[in-house]
Amino acid sequence: MGILHGEVEGWACDPEHQVPRLDFELTTGCDHKCGHCYNVWNASEDDAQGGYPRGQLKGPAFIEMMEKVVGQSGADHITITGGEPLLHRDAMAIIQRATELVSTVQIITNGSHITPEKAANFKSWGVRAVQLTLLSADAEEHDRLKGSACFAETVRAALDLRDAGVPVQVCFVAMSENWHRFEDVLELCYVLGVRSVSYNRMSPTGWAIHQIESLLPMVEQVEANLDSAERLGPKYEIHVSTAMPIPPCLIRLSRYQWVQFGFCSIGTHTPNITVDPLGNVRSCNLSSNIMGNVVEDDWEKIHADPYLHTFKSKVPELCRGCAYETSCQGGCKESGFATYGDLQHPEPFVYLGHNPAARSNPTTSSLVQIGDPG
């Protein structure tokens, strides 16, 4: 049972700074080693170089922080994520409290720490859904891409959650090494009783910026996956949505009636604002820009940060005048920033889609070579 906006005891919500949802990263720790990892604190293996702050609040302090930001922002949905959130010692207490604070809670986990007991708790607390990642229906390939022997654990987690009555969503991250496995993953989802798939084409931030040449999918590979979703989604009654933007200048989205497409939420009325394990607030989980810390500052001050409100205007020159300029916004601009250091640089998928000759050196920009999208 959720609460009304702003009803967290001791905190008041200013309607001007109200947001509908928040993502909470419980920990930076993870026991998988995905090459496509987007977590911004994993941009470098050398912590001595500095970079994004690591660390985490202990359970009581995290809950206190969560109560504050939910109360002041008026959010009524929480996504629990990480890192791997269930590695936090007090993860279950945090998740239970989240379900008491808002109407809906979703958990994103690698599945390796799901047990029948945890699944039963999620059901009794009213968790809306749990998202698991499947990169292939072939165990060896899945484990290689995940950097961990975890395929069996992921399948078991899906079954434990299904048996407990908790809806499961599978996340498929399309890369050059696994895009051809998407149909197999859809079939496996059907067998497992999963009826929701989030299709993500790899969008490099974090460690993934070092894997662009080897892992970034080509436009025709993503298009082939969308064709599969359009054909098999209705057959298996599996809802397919895209979390990462699919730029309409590269793929004609109107061809697909079954797939639900999404674009960047920053600058809209439903921003994907993220709170990290120390209370640092970012505009989304792919952004490395810290707008403030909710432990130290009130939400009103953080939400007024110019980054959140000017981000949408920073569109690549390539995209100016496009009919989709305000909706697509040039794809994932945070990926463009992570790779090229500029929010207005076309992100790698867009840049290389218009300039395929650059794939041999994808992190070196030569914007004058980009063609007119027509």
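Bear in mind the structure is a predicted one, so any value in this text is a computation, not a measurement. FYI, side chains are in, hydrogens and waters are out, and symmetry mates aren't considered; it's all heavy atoms of this structure.
Annotation: salt bridge (Lys or Arg N to Asp or Glu O under 4.0 Å) contacts of Arg252 (sequence neighbours excluded): none. Annotation: salt bridge (Lys or Arg N to Asp or Glu O under 4.0 Å) contacts of Arg97 (sequence neighbours excluded): Glu67, Glu100. A search for salt bridge (Lys or Arg N to Asp or Glu O under 4.0 Å) contacts involving Arg255 returns Glu223, Asp227, not counting sequence neighbours. With sequence neighbours excluded, the residues forming a salt bridge (Lys or Arg N to Asp or Glu O under 4.0 Å) with Asp184 are Arg181, listed by chain and number.
Ring planes of Tyr340 and His345: parallel class, angle under 30° (limits at 30 and 60°).
Between His113 and His88, the distance from one ring center to the other does not fall under 6.0 angstrom.
Judged by distance alone, the side chains of Gln169 and Ser198 never bring a donor and an acceptor atom under 3.5 Å apart. Side chain to side chain, Tyr52 and Asn42 fail the donor-acceptor criterion of an N or O pair below 3.5 Å.
Applying side chain to side chain contact (heavy atoms under 4.5 Å, CB included) to Trp299 and the options Val70, Asp14, Val281 leaves one that passes, Val281.
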Phe263 and Tyr324: CA distance, side-chain angles, deciding distance, ring pair (Phe, Tyr, Trp, His ring centres under 6.0 Å) verdict: CA-CA 10 Å; Phe263 293 112; Tyr324 298 95; 7.1 Å; no
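Arg89 places no side-chain N or O within donor-acceptor distance of the main-chain N or O of Lys58, the cut-off being under 3.5 Å. With His77 contributing its side chain and Thr104 its backbone, the two residues share a donor-acceptor pair below 3.5 Å.
Taking the charged nitrogens against the carboxylate oxygens, Lys68 and Asp298 do have a contact shorter than 4.0 Å, which makes a salt bridge. Salt-bridge check for Glu325 with Arg320: passed, with a basic side-chain N closer than 4.0 Å to an acidic carboxylate O.
Expressed to the nearest 0.5 Å, how far CG of Asn225 lies from CD of Glu220 amounts to 11.5 Å.
Screening residues 148-167 for ring-ring contact (aromatic ring centres under 6.0 Å, His included) gives His142-Phe151 as the qualifying pairs, with residues at least two apart or on separate chains.
Between Gln72 and Cys13, the closest side-chain pair of non-hydrogen atoms is not below 4.5 Å.
The other residues sharing a hydrophobic cluster with Val173 are Leu135, Leu145, Met175, Met202, Leu215, where clustering joins ILVMFWY side chains under 4.5 Å apart.
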